*Asks:* 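The structure that follows is given in the form of structure tokens.
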Amino acid sequence: MKIVPSEKIQPVWWRETSVYQIYPASFKDENGDGFGDLQGILSKLDYLKGLNVESIWLSPIYPSPLKDMGYDVSNYKEIDSRYGSLQDINVLAKELHKRGMKLVMDLVLNHTSDQHDWFKESRSSKTNSKRDWYIWRPAKYNKDGKRLPPNNWRSYFDTSAWEWDETTQEYFLHLWAPEQPDINWESPELRKAIYDIVRYWLDRGVDGFRLDVINMISKNQEFPDALVTDDRYDYQMGYKYYANGPRIHEYLKELGQILHEYNAFSVGEMPHVEDTDEVLRVVGADRRELTMIFQFDLVSLDLVPGKHKYVEGTWKLSDLKKSVKKWQSIYLTGGGWNASFIENHDQPRTVSRYLSDSPEHRAHSSKLMALFIVFQGGTPFVYQGQELALANIPRDWSISEYVDVETQNFWKLFMSGNPTQEEIQKTMDIVNMRARDNGRTPMHWDSSPNGGFCPKDVKPWMRVTEDFNEWNASSQVGKPDSVYSFWSASLGYRKAMKDAVVYGSFELLSEEDPSIVAFVRESNSTVLAVILNFTDKSVSYECPLQIGGFQVLLNNYEDLVIKENVIHLNPYQGVLFKKSLST
Ligand code: GLC
């Protein structure tokens with residue numbers, strides 16, 4: 001069935017743009033300290049322009065103790081000196097705007113660093129004026145008089161979500177690390193301070209924000225215990241009580257009001273939300289909350305629902321197709337908007353995770369993903385290195401090379417259970433496949449030592465994956481059949497045919513086909529068909545379209561065999577077809 005966009009979907013820049021996410025620590029080190037920086041980003045703007053991306057989103061670059069790589073902010077109005085200065089950000093905004101591109105910053109508004117002045121004040125005494133800017137609760141005691149946290153919630157980093165504070169004899173809430181206390185949006189003064197930060201960056205010329213876990217800012221104020229879903233853990237996931245909590249829309253409307261005033265872009269990270277009406281309450285065009293959200297279906301396909309991320313699971317193409325159809329329909333007919341993504345700094349590399357990173361199929365896999373991400377309805381997101389087919393960390397790296405707090409905390413907890421050698425190997429396989437570290441290794445710029453990320457005699461903050469010799473930017477830019485050129489061409493076609501790709505209808509074909517993802521995008525003048533073989537086998541696909549009348553715009557193989565309406569597809573082959581409609 002053809003899904004036709006609602007009239008509420010009117011042309012606006014943030015629908016038309018495409019976004020490239022930069023993880024600044026790992027992008028490009030220009031000052032030679034082994035850590036990426038803003039000068040490094042400035043030196044690569046033409047690389048980005050050549051890729052045809054139109055907006056750049058920077059993961060957080062504010063001053064931070066880096067307990068969670070910058071998602072622990074100690075000052076929202078400055079730039080961490082490791083990355084550069086406010087002056088550098090001004091230059092970056094100017095240089096991007098000069099190229100017709102936009103700048104998106106990452107705002108972390110669910111929690112701060114414990115080194116933020118607000119928290120230092122808040123924890124100084126129970127009567128401090130900022131005490132209620134954070135979430136403080138008294139202890140509970142069991143019948144033996146043992147002190148316990150206020151409830152059983154588990155943090156995302158595998159500990160209790162509450163930390164005891166000796167000075168003021170209360171617990172504070174932290175859904176992530178103890179060094180990331182959650183802020184209390186119930187306080188009107190706190191909210192005022194947040195809105196002031198939002199305006200501060202918009203006034204500096206920033207074009208919008210990615211809003212970190214923004215659906216967690218309103219908590220059920222009773223703080224009830226979470227249901228026990230995994231009895232191997234002392235603590236349980238409590239998101240039922242804080243994901244899209246009671247006052248979320250009131251807060252998002254206040255925030256959205258400011259964003260709307262500046263015609264700003266906003267993408268809110270929204271885990272745990274499956275209720276489609278609830279999503280539309282956030283992104284509905286007439287709601288003025290956020291312009292789009294990151295919904296988690298496609299990055300959870302291989303996870304076991306309700307279980308820990310490091311529990312083994314498999315994924316099904318039918319689930320991927322169901323999810324695509326569902327969200328295209330909800331967003332287009334409901335007057336919302338999709339954020340089309342499958343990689344970011346919290347996810348492994350898709351060629352390794354869902355497709356193939358074998359030498360034979362790695363390039364095909366990444367190119368297939370380009371067609372899948374870029375030509376769906378919505379604003380597409382490309383994560384640094386995705387455009388070069390960067391892959392996961394090799395299996396033989398030891399756990400000590402994984403530097404993320406999430407991985408390290410999980411591993412500590414796992415090892416404390418005295419696992420057998422066999423269990424260790426098995427769990428390491430899963431960690432290697434899923435750890436956030438996979439997406440955070442430094443970029444591959446060329447085949448020189450350290451992949452050109454930092455000078456050769458400098459130790460990068462995180463180990464560079466050794467396949468940079470072969471898989472790097474300089475071997476791909478300017479080469480017509482490279483992965484980079486394929487992504488660039490895909491994004492270029494999206495720009496050139498926005499009537500169909502941005503504003504056109506969407507139809508999923510052959511829903512029951514076990515190997516193929518096929519969809520059509522259509523405007524009054526253009527029909528585009530995207531046909532993707534997601535398997536490692538050759539497939540003969542009987543296409544319901546009169547495909548003979550179409551022209552091939554992009555194909556990730558040199559050959560393409562079509563007989564009548566049967567398309568013979570090689571493993572991971574993906575093709576973009578076009579037909580013009582005479583008017
Ligand atoms: C988001 C970020 C992730 C971070 C967490 C806490 O999920 O993407 O990297 O650890 O929020 O800020």
Side-chain angles (χ1 to χ4, degrees), residues 19 21-27 36 57-76 80 104-116 119 134-135 153-159 161 163 172-183 185 194 197 209-217 219 237-239 242-244 266-273 290 292-300 303 308-310 339 341-349 381 383-384 402-410 434-441 461-462:
V19 184
Q21 181 190 355
I22 290 183
Y23 195 66
S26 294
F27 191 64
W57 145 31
L58 304 181
S59 276
I61 48 171
Y62 317 100
S64 164
L66 300 189
K67 291 289 174 197
D68 186 19
M69 283 310 290
Y71 286 91
D72 46 328
V73 177
S74 56
N75 182 345
Y76 289 98
D80 195 300
V104 172
M105 300 277 278
D106 205 322
L107 274 182
V108 188
L109 303 178
N110 176 69
H111 44 270
T112 67
S113 158
D114 64 347
Q115 296 308 305
H116 196 294
F119 189 67
Y134 292 83
I135 300 169
W153 293 0
R154 177 170 15 128
S155 83
Y156 287 89
F157 295 151
D158 288 323
T159 61
E163 185 78 1
F172 65 86
L173 180 72
H174 60 89
L175 293 180
W176 274 269
E179 296 87 356
Q180 293 169 288
D182 279 49
I183 48 184
W185 279 65
I194 294 285
I197 291 163
F209 303 102
R210 179 263 187 185
L211 298 156
D212 190 65
V213 289
I214 197 68
N215 63 330
M216 301 194 181
I217 57 179
K219 278 99 178 163
M237 293 316 291
Y239 50 79
Y242 58 72
N244 290 53
S266 56
V267 58
E269 190 194 19
M270 274 211 181
H272 312 302
V273 184
L290 303 180
M292 62 197 93
I293 65 156
F294 289 134
Q295 198 281 335
F296 273 58
D297 273 9
L298 294 185
V299 291
S300 312
L303 308 186
H308 196 282
K309 162 176 173 179
Y310 291 126
F341 81 104
I342 200 152
E343 277 189 32
N344 63 36
H345 66 291
D346 294 333
Q347 301 300 330
R349 296 295 189 174
F381 287 72
Y383 178 60
Q384 73 178 42
Y402 293 69
V403 296
D404 179 18
V405 52
E406 182 193 86
T407 322
Q408 285 300 336
N409 276 14
F410 166 75
R434 301 241 178 95
R436 308 198 300 184
D437 304 75
N438 283 302
R440 300 179 178 191
T441 54
W461 77 277
M462 195 183 171

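What's counted below: heavy atoms across the whole structure, side chains too, no hydrogens, waters or symmetry copies. The shown structure was predicted, so the numbers you read here are calculated from the model rather than taken from an experiment. Atoms within a ligand are numbered from 1 in the order they appear, just like the ligands themselves.
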*Asks:* Sort out for me which residue in Leu303, Leu298, Asp297 forms a side-chain contact (heavy atoms from CB on, under 4.5 Å) with Ser300.
*Replies:* Leu303
*Asks:* Using the side chain to side chain donor-acceptor pair (under 3.5 Å) definition, which of the options Gln384, Gln21, Arg436 pairs with His345?
*Replies:* Gln21
*Asks:* Which residue holds the protein heavy atom closest to atom 7 (O) of ligand 1, what is that atom called, and what is the gap in Å?
*Replies:*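 I find the closest protein heavy atom is Glu269 OE2, 2.9 Å.
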*Asks:* Please work out whether any backbone atom (N, CA, C, O) or any side-chain heavy atom from C-beta onward of Arg210 is under 4.0 Å from ligand 1, and answer side chain, backbone, both or neither.
*Replies:* side chain
*Asks:* Any heavy atom of Lys67 closer to ligand 1 than 4.0 angstrom?
*Replies:* no
*Asks:* With heavy atoms of Arg436 as the reference, note each atom of ligand 1 found under 4.0 Å away.
*Replies:*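 Reading through ligand 1 atom by atom, the close ones are 3 (C), 4 (C), 9 (O), 10 (O).
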*Asks:* Nearest protein heavy-atom contact for atom 11 (O) of ligand 1: which residue, which atom, what distance?
*Replies:*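 Atom 11 (O) of ligand 1 sits closest to the protein heavy atom Asp212 OD1, 2.9 Å.
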*Asks:* Can the ring centres of Phe294 and Trp57 be said to be less than 6.0 Å apart?
*Replies:*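 Yes; Trp57 has its ring centre under 6.0 Å from that of Phe294.
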*Asks:* Mark up the atoms of ligand 1 that fall under 4.0 Å of a heavy atom belonging to His111, in ascending order.
*Replies:* 6 (C), 12 (O)
*Asks:* Could you tell me if Thr112 and Tyr76 have a donor-acceptor pair between their side chains, going purely by distance under 3.5 Å?
*Replies:*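 The criterion, which ignores hydrogens and geometry beyond distance, is not satisfied for Thr112 and Tyr76.
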*Asks:* Give the residue, atom name and distance (to 0.1 Å) of the protein heavy atom nearest atom 10 (O) of ligand 1.
*Replies:* Asp68 OD2, 2.5 Å
*Asks:* Just to confirm my output: which protein heavy-atom neighbour is closest to atom 8 (O) of ligand 1, and how far is it?
*Replies:* Asp346 OD2, 2.5 Å
*Asks:* With heavy atoms under 4.0 Å as the rule, classify the contact between Glu406 and ligand 1 as side chain, backbone, both or neither.
*Replies:* neither
*Asks:* For Asp158, is there an ion pair with Lys309 - N to carboxylate O distance below 4.0 angstrom?
*Replies:*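 No, this pair does not count.
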*Asks:* Flag the pair Asn344 / Tyr23 as yes when at least one side-chain heavy-atom distance between them is below 4.5 Å, and no otherwise.
*Replies:* no
*Asks:* Is it the side chain, the backbone, both or neither of Met69 that has a heavy atom closer than 4.0 Å to ligand 1?
*Replies:*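 No part of Met69 is near ligand 1 at this cut-off.
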*Asks:* Where do Asp114 and Lys67 land on the salt bridge (charged side-chain N to carboxylate O under 4.0 Å, His left out) test, with the steps shown first?
*Replies:* CA-CA 10 Å; Asp114 64 347; Lys67 291 289 174 197; over 6 Å; no
*Asks:* Going by distance alone, is a donor N or O of one side chain under 3.5 Å from an acceptor N or O of the other, for Ser59 and Tyr71?
*Replies:*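 Yes, Tyr71 and Ser59 have a side-chain donor paired with an acceptor closer than 3.5 Å.
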*Asks:* Heavy-atom contact check, 4.0 Å cutoff: does Arg440 meet ligand 1?
*Replies:*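 Flag set, Arg440 near ligand 1.
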